[in-house]
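The structure appears right after this line, and notes come after that.
All of these numbers come straight from a predicted model, not from anything done at the bench.
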Amino acid sequence: MRIFDIKKRYKLLLRYKEIANILIKHGLGFVIEKIGIFRLLNIRSRFSRLLSTEENPHKIGTLPERIKSALEELGPTFIKFGQLLSLRPDMLPEALVTELSKLLDEVEPFPFETVLAIIEEEYKRPHGEIFSEITPEPVGSASIAQVHKAILLNGDKVIIKVRRPEIEKTIESDIEILFNFAKMLANRFPEVRLYEPVRMVSEFARHIRREIDFGIEAQNCERFHKNFAETPAVHIPTVYQQYTTERLLVLEYISGIKADRVEELKALGFDLKSIAHNGASAFFKMILIDGLFHGDPHPANVFIRYDGTIAFIDFGITGKLTEEHQTRVVNMFLGLMTKDSDKIMKNLLVMGVMPDNIDIGLLRYEIDEFIDDYYGRPLKNIELGKLMLQTIKIAVRHKIRVPAE
């Protein structure tokens, strides 16, 4: 075995042990035992008996809360993986989905000197030849990158998104570990195979590898910019392609108010109904017309500009829908509006992967019951998120695998 391979395996072993210690710290030692990490690390069984119980007296919080805290401590790859899982209510209990949706991607900033060194390394020239000013204090510091305000020599106000040093190496080693965990889960728990854990990690790996390549994010941003060029109510920041690399992204600086600061928007006299209408229209356009949608639309990524337009930022994660998927989504909504359970059922079956022993009669009965709960109810009394979640739960009960999109 080559020395490089020995070093790599040694680093992976250290990471496994670090993961095991963090899980134990948060009262999740039972996960180690069930997946088989104790055997992998050659840890004696007495430690397994001591630390693997869910009744750990030192645990703090509910199980979902402890899982969330452990993922945050495990670092960027696991935080991102938890955020992806929070978008899969077809796979996880509602309480866990709720906690994972709260995962914070905020970490200590790396030094400004390192920021300047990366900029000059990428451009092969002094930063002063491109920027007249770079604010030393970051406006945001996340697990993959941190963001600084800056001014170009021509006076344009921009933000610079700088990838963390060595982050790609950390992510690659953690992806390998996640693949091993997924294989262990699939081998030890037949009921988990329905959710194809290895395929899920593969999907995650593709997403996060694309997210750390800022050239791809710049391309995504330009596609959204083109799609919304004729939509005055929506603003997509301009990309400065000449200054964008795999490790650096330079975008137009967006000034505005985060979309969830409702009281602040009210105090400034914004028309909230108009904003809500424009925001809903933007998402319907993404999903039903463009087939390309923002994959991470939390409040920090949606701003209301002072002219009332809606600005979307951070296009590291995007989703795509084929024309067929778009048609199926529309047909399901039409089925709900027209009380046509057959239309909903047929599209649900075509969209998902069905088990051989599916009970069509019971599925139709549950869909009819679902429609009765909503049909005729005023739109203001319908929570769209809850409605979609119930649809997914029906699919899960009948072991219909819902596509990730």
Exercise. Distance-only, no hydrogens or angles: does the Asp156 side chain make a donor-acceptor pair with backbone N or O of Leu152 under 3.5 Å?
Worked result: no
Exercise. Do any N or O atoms from the side chain of Ser173 and from the backbone of Thr170 form a donor-acceptor pair under 3.5 angstrom?
Worked result: yes
Seminar exercise, completed: Phe131 meets the ring pair (Phe, Tyr, Trp, His ring centres under 6.0 Å) criterion, sequence neighbours left out, with none
Exercise. What's the verdict on side chain to side chain contact (heavy atoms under 4.5 Å, CB included) for Ile254 and Phe312, showing C-alpha distance, side-chain angles and the deciding distance?
Worked result: CA-CA 9 Å; Ile254 298 296; Phe312 294 95; over 6 Å; no
For this session: Determine yes or no for a side-chain-to-main-chain donor-acceptor pair under 3.5 angstrom, with His148 supplying the side chain and Thr135 the backbone.
Result: yes
Problem set entry | Glu65 side chain vs Thr62 backbone, donor-acceptor pair below 3.5 Å | yes
Exercise. Between Phe315 and Phe224, is the gap from one ring center to the other below 6.0 Å?
Worked result: yes
Problem set entry | N-O pairing of Asp314 and Lys161 below 4.0 Å | yes
Exercise. Would you call Ile118 and Arg247 a side-chain contact if the rule is heavy atoms closer than 4.5 Å?
Worked result: yes
Problem set entry | Sidechain N-carboxylate O distance under 4.0 Å for Glu120, Arg125 | no
Problem set entry | Side chain Arg163, main chain Ala145, donor-acceptor under 3.5 Å | no
Problem set entry | Check: Thr114 side chain, Phe110 main-chain N or O, donor-acceptor pair, under 3.5 Å | no
For this session: Could you tell me whether Lys339 and Asp372 make a salt bridge, using a distance below 4.0 angstrom between a side-chain N and a carboxylate O?
Result: yes
Problem set entry | side chain to side chain contact (heavy atoms under 4.5 Å, CB included) evaluation trace for Lys25 with Glu73 | CA-CA 10 Å; Lys25 172 184 172 182; Glu73 189 168 346; 3.0 Å; yes
Exercise. Are Glu203 and Arg206 ion-paired here, with the side-chain N under 4.0 Å from a carboxylate O?
Worked result: no
For this session: Check for a donor-acceptor pair, side chain of His294 on one end and backbone N or O of Asp296 on the other, with a separation under 3.5 Å.
Result: yes
Problem set entry | Donor-acceptor pair, side chain of Gln146 and main chain of Pro138, under 3.5 angstrom | no
Exercise. Taking atom types as modelled, is there a side-chain donor on Ser141 or Arg164 under 3.5 Å from an acceptor on the other?
Worked result: yes
Problem set entry | Asp271 backbone acceptor or donor facing Ser274 side chain under 3.5 Å | no
Exercise. Should we count CD of Glu230 as having more than 12 external heavy atoms under 6.0 Å?
Worked result: no
For this session: Could you tell me whether Glu72 and Lys68 have a side-chain N and a carboxylate O separated by less than 4.0 Å?
Result: yes
For this session: Return yes if some donor-acceptor pair links the side-chain N/O of Thr238 with the main-chain N/O of Glu252 below 3.5 Å, else return no.
Result: no
For this session: Go through Ser143 and Lys80 one step at a time and tell me if the side chain to side chain contact (heavy atoms under 4.5 Å, CB included) criterion holds.
Result: CA-CA 9 Å; Ser143 54; Lys80 292 290 183 184; 4.1 Å; yes
Exercise. Can we say Glu172 and Arg209 salt-bridge, meaning some charged N sits less than 4.0 Å from an Asp/Glu carboxylate O?
Worked result: yes
For this session: Check whether more than 12 heavy atoms from other residues, nucleotides or ligands sit under 6.0 Å from atom CZ of Arg223, and answer yes or no.
Result: no
Exercise. Which heavy atom in Phe370 sits nearest to a heavy atom in Gln390, and how many Å separate them?
Worked result: CE1-CB, 3.8 Å
Exercise. Do we get Lys285 above Phe228's six-membered ring, with its NZ or CZ under 6.0 Å from the centre and within 45° of the axis?
Worked result: yes
Exercise. Have Asp307 and Thr309 got a donor and an acceptor in their side chains that come within less than 3.5 Å?
Worked result: yes
For this session: Give the minimum heavy-atom separation between Asp260 and Pro299, together with the two atoms involved.
Result: CG-CB, 3.4 Å
Exercise. What closest approach, in Å, do Leu362 and Asp359 show between heavy atoms, and which atom pair accounts for it?
Worked result: N-OD1, 3.1 Å
